[in-house]
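Residue numbering restarts at 1 for every chain, and letters A, B, ... go by the order of the sequence lines.
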Amino acid sequence: MIPLSINEVCKEFPDGTRALNGVSFTINPGEGTVLLGSNGSGKTTLLRCINGLETATSGQIYVDHIDVIEAKRRHARKALKRVRLQTGMVFQKFHLINNLGVLQNVLFGSLGRTQNPMKMFSIGAAKEERMRAMACLDRVGLADLAKRRADTLSGGQRQRVAIARVLMQDPQIVLADEPIASLDPKSGREVMDLLWEIVRERNLTVVCALHQLKIAQEYGDRLIGLRCGNVVMDTPADRIDADQLSHLYDDDQSQSVPAVPLEVTP
Amino acid sequence: MIPLSINEVCKEFPDGTRALNGVSFTINPGEGTVLLGSNGSGKTTLLRCINGLETATSGQIYVDHIDVIEAKRRHARKALKRVRLQTGMVFQKFHLINNLGVLQNVLFGSLGRTQNPMKMFSIGAAKEERMRAMACLDRVGLADLAKRRADTLSGGQRQRVAIARVLMQDPQIVLADEPIASLDPKSGREVMDLLWEIVRERNLTVVCALHQLKIAQEYGDRLIGLRCGNVVMDTPADRIDADQLSHLYDDDQSQSVPAVPLEVTP
Amino acid sequence: MGEQLRRRGGGASGWGGGGGLIILGLFLHGVYIAQLTPERLLSGMGRLGGFLSQAIPPDLTRASNFFWAILVTFEMALVGTVIGVLLSLPVALLASDNTSPNRLVRNITRNTVAAVRTIPDLVWALIFVVAIGLGPAAGILTIAVDNLGFCGRFFSERIEELEPGPVEALSSTGASQLGIILGAIFPCAFPSFVATSLYAVEKSIRSAVVLGLVGAGGIGVELSTSMRLFRYDQALTIIVMIWLVVTASEQVSTQIRRRVI
Amino acid sequence: MGEQLRRRGGGASGWGGGGGLIILGLFLHGVYIAQLTPERLLSGMGRLGGFLSQAIPPDLTRASNFFWAILVTFEMALVGTVIGVLLSLPVALLASDNTSPNRLVRNITRNTVAAVRTIPDLVWALIFVVAIGLGPAAGILTIAVDNLGFCGRFFSERIEELEPGPVEALSSTGASQLGIILGAIFPCAFPSFVATSLYAVEKSIRSAVVLGLVGAGGIGVELSTSMRLFRYDQALTIIVMIWLVVTASEQVSTQIRRRVI
Amino acid sequence: APNVGEGGGEMTGAGGVCPATLRFADTGTEGLEELQRDFAAFKEVLEDVLDVDVEFFAVTDRTVAAAAVDSDQVDIILAGPSEYLAIRSNVGMEPVVSIDRPGYNANIVVLADSDIQNPEDLRGKSIALKSAGSTSGHIGPLALLQDLGFDPNTDVDTQLLEDARIEAFAAGDVDAFGAGTSDIRRLNERYGEDFYRVLVEGPELPRDVIGANPNIPAECIEAIKERLLANQERVLDALLESSPKYGESSLHEVSDSEYDGMRKAHEAAGVPF
Ligand SMILES: Nc1ncnc2c1ncn2[C@@H]1O[C@H](COP(=O)(O)OP(=O)(O)OP(=O)(O)O)[C@@H](O)[C@H]1O
Ligand SMILES: Nc1ncnc2c1ncn2[C@@H]1O[C@H](COP(=O)(O)OP(=O)(O)OP(=O)(O)O)[C@@H](O)[C@H]1O
Ligand SMILES: [Mg+2]
Ligand SMILES: [Mg+2]
């Protein structure tokens, strides 16, 4: 199975905002990790660096023994593709293709695996792929909406379609950026159940950014807390203490002030 | 103060989806109401009907003694404007103007009040308006980011800018569509505190769609539960029972199946 | 509901099907009369050499004259485009589904813009010559009207494609139509408007032959004279010079767009 | 950071300031030479009456001839535009910041497209006549190349303006560039591509004078002949007929766009 | 010349000396301006007289016509005098027959109430012309000025106004107008004969030419010439159906030297060949 290892990763945006400030941790196969941290602490940035959507400024990220940062910097397509095939992402803002159908959006999950992308369009798709996509939709409870256009769905429905897309991709690592932010409590739990079911079943690795502490403690094997782009907490979920948690969201530097190094300000 | 009264409101979308199925309730001034319901139960649709962004198919909605649905149908601009001046909205997807600055976005909150919209651009804005906007930003803890472009903010930061915009608008009724969905727990509470503080202070009316039951019970004076476009629960927050709540998210008809009347299906 | 959707789709494609068949027929007949066989294309390639040899090397003797002509053309194109773009903004708002006060106004505006586009350059040039006499002014107005037709349509399409979110956000504050336009529509459409306008300047430089028609000089006359007198080498010089100006303005345009996107 | 941002902004506006000043100077000089005084405009209005009276009422005697000429022109414009649009798709992908394999390819493509646009109709007509002889084929290819320049640029701009979200979503599945293009870029840009292409057909009908250059006939020749012979009443008939065709195609275009937006 | 007669390949036309198909382009002499755009009769007569298939193109641009000759895409061409010279010197063209057009000349006119009373007053004035290389709208008037002792490039302000020339002249935006016969007729139609004054009237201009691509065999050119001259009535009647300007025309044998005067005029105009 594929380990994920992150070493001293920094990310500075072109405008000088420093979102990650030397993040390091290693996740064991099959570990369900929850990423906590206040708004702007760098969770999204970290997840995007892992699958190479964002190029980290320094450090190493190993997925399947490939250094993502290096691959990204050298524009090594093949390496990057291998990384991405193995990492599925659920975005905070869903990122569906709005003017296509729901089933089509799910079918796109397996776009990385096919040689011929034409095969992934609902008209030309092989029957078995369509069946798989329907099964994925069914698993998130939206089989009835397969033919709807994605932009007529409610927020929560969209989020589930995005999750179905990742199921379709069938990756080894799932990166989930607040996957249940817009789901109702019951659906949220169902989705978490679903994610964790797959993790257990296939011994996958999950990194999931969450704001719901209760859910985080309930589902996560391990909780990693970010603050101003630093790892300030990293414990098994059952050994967490309330103090640590509340410290994570402390006001002073972390949330309202962006994660900018002080020396840049005049 | 302004009461909000909703009577037998139905909404059918052009494609036949029936999102609201005869919703009625009246909210007393200063009442903090929380709207609960599973994904697709019609919360967003209801809120959008209240300020006339969506035209309800039938029924009456009275804001400030004006029938919104009627006004909308007759394209009565003045009436609609009066309604909208009094109702501030926080959107699920923030809806900031991405390529403008944060302060500018907040300034737009008072666009409805000015005769001359040119005055609302940060360059031409009156000093006092700018000061007010800065104060609103400060209240959501983002005063430092006033000059950033809105699209460089994190999800949570954007949500807070959207809330600052509503503060700037200073309405009598606040319609909030999952205002804390992407906020971290501490900020989420802060925002709820903020909203409720204003509600109490100015005796405003809030209707707030939420998925966090705990927060709903803690803040709401009254909880209204929607299911398939029907009100299935309407109780003071302190008299809620767990059974009722869990029933709200029951699987059978409510979530995966869209709120479509059965007779439409062949 | 599935059924309903399908029925709706079916009806639409039935209607579109009729129109589609006619268009397909016209298209196929067009292909037929073109007789555009691959062999013809291939054998043609060989013949181009002789033609090109007449244009290469470019004749640079009059390059400095051309430079001034291009500069003047650029100035007039710029003024004309600015006028056209400014007029296009309100027109586009009136012509767009989501900003027009009502259907009637929208249809009238849209058809008027289409009519403005249909009337050829030449006619506009004549109209303005009759009205205000020969000279740069007539040329500038012709360019302005040309761009009104072009930008009016493209601005309007862009406005119709905007995400509804920001507009709804400002509507919900009770903002007036003007407030929404200035606060949400223009900022969101701005990058696209800038790009379209920059293209319009470029287009006007190229189509500045019209400036020659009205006695305002410019590079258009030079180019058409060179071509008519078979001075391909001189024409090539002009084309290259225009291309340089266009490329330079593309650079500026890219810079500007990068800043506004 | 505020400081930094400001400094960056300052530098940029310093650079842009220089270019901006030059452009402003050219613009002002353009305004100056135009001498476009309000009195001139006003007094000009009066003179238009005589001009219009020659055009009204339209002369319908040759309307049926015109109808066939417009139909033929439409066919050829359609074929030319389809070719041009199909060629534009890959070209636009190579020319866009966010889809081009690298900067070099992007710059080369972009400048080539600009060059294609700079070369006038007449020159393309010459090239195609040399290559494949007089007739509709040369006209169609000229229209195609013209549209390649136009659509290549507009498609590319649209692609650069797309929201990054859907593209990132597909990238993150490990999709190849082709997969991303087919799955995210084309669907998201589709409404805009359709609108641009429909405009391109319209534009080609109007600019189909090029078909006359190469002996393929069409309405462009009729119109320019009418104008040259001062048969304004006949010209008006043609303009109105083109306008009707354009309006009809706008209707179809609106229908199509409403379905794809 | 692989392309000559590519339509048939064999030399079966005009009694076995010409290609089976001849491609004929009318450059519209001065654009297509005078043409009624109906060449069906002319094409039919040509096919009958020459005993070939004729592929006919009405081309609206002289440059395109020249390019078509140059690349052997066209065999026979009907051209105005200055186009003949331009095409001949640039890509080659053999004159076959010429067509005269009685009364076809260039003039310089001014508005009736103009201060300009005699040609000498034109010095320093602006004069509207048509387009570069046009026989009656550019070369002809410039030759007149040259004969008057002007240097047309410096002593007067010439403006090439194409289709706006008549309106501009009528509006008084220019002082004078170099008008061909057809321009005069249009002035008469639109503004009446009292509207303007002919200041200088030029001599009759050289004849239009039917010319052949130099790659056409000499026997074929000779055969075409004979057949055209022998059937002059029918050919001219058919031609008249396509264009009224050939009203009192007749066909003539032609030699290139006929156009030497025109060559000089071109030189004087600053556009030598
Ligand atoms: N493109 C960008 N340019 C500049 N700064 C950015 C950009 N994207 C993010 N940032 C900044 O980087 C920091 C980390 O952002 P990130 O989105 O990773 O936070 P997050 O932990 O996901 O927050 P949230 O919980 O609100 O989603 C924030 O200060 C944010 O403003
Ligand atoms: N424009 C539309 N066209 C058709 N159906 C729509 C449209 N917008 C919403 N719907 C449908 O209306 C129903 C109610 O949607 P709504 O967005 O109001 O739900 P919600 O309660 O806000 O859900 P969530 O908690 O997921 O945000 C859903 O079934 C949805 O699919
Ligand atoms: Mg985030
Ligand atoms: Mg909702």
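Side chains of V123(D) and Y232(C) form no contact here, defined as non-hydrogen atoms less than 4.5 Å apart.
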Name each donor-acceptor pair under 3.5 Å that joins a side chain in residues 112-122 of chain D to protein atoms two or more places apart or in another chain, with its distance.
residue : atom : partner : partner atom : Å
T112(D) : OG1  : I108(D) : O            : 2.6
R117(D) : NE   : E202(C) : OE2          : 2.5
R117(D) : NH1  : G149(D) : O            : 3.2
R117(D) : NH2  : E202(C) : OE1          : 2.9
R117(D) : NH2  : E202(C) : OE2          : 3.1
R117(D) : NH2  : E250(C) : OE2          : 3.4
T118(D) : OG1  : A114(D) : O            : 2.7

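Proximity to chain D (any heavy atom under 4.5 Å) is shown, for S224(C), by neither the backbone nor the side chain. Neither the backbone nor the side chain of L28(D) comes within less than 4.5 Å of any heavy atom of chain C. Using a 4.5 Å cut-off between heavy atoms, I242(C) contacts chain D through both its backbone and its side chain. For chain C, no part of L236(D) is nearby; none of its heavy atoms comes within less than 4.5 Å. Of the two parts of F128(C), neither the backbone nor the side chain holds a non-hydrogen atom closer than 4.5 Å to a non-hydrogen atom of chain D. Looking at I205(D), there are no atoms closer than 4.5 Å to chain C (heavy atoms on both sides), in backbone or side chain. Of the atoms belonging to V240(D), not a single heavy atom falls under 4.5 Å from chain C. Heavy atoms of I238(C) lying under 4.5 Å from chain D are absent altogether.
The aromatic rings of F154(D) and F150(C) lie perpendicular to each other, with more than 60° between the two planes, well past the 30° mark.
Closest heavy-atom contact between A195(D) and E157(C): CB-OE1, 3.4 Å.
Ranked by heavy-atom pairs shorter than 4.5 Å toward chain C, the options L26(D), L223(D), I127(D) are led by L26(D). The choice from P136(D), A235(D), A77(D), A137(D) that makes the most heavy-atom pairs within less than 4.5 Å of chain C is A137(D). The most heavy-atom pairs under 4.5 Å with chain C, out of V72(D), I83(D), V79(D), come from V79(D). Ranked by heavy-atom pairs under 4.5 Å with chain D, the first of V31(C), L126(C), N111(C) is N111(C).
In this structure, the separation between CD on E161(C) and CD on E161(D) is 9.0 Å, given to the nearest 0.5 Å.
Listed by first and then second residue, the salt bridge (Lys or Arg N to Asp or Glu O under 4.0 Å) pairs involving residues 128-144 of chain C amount to none (not counting sequence neighbours).
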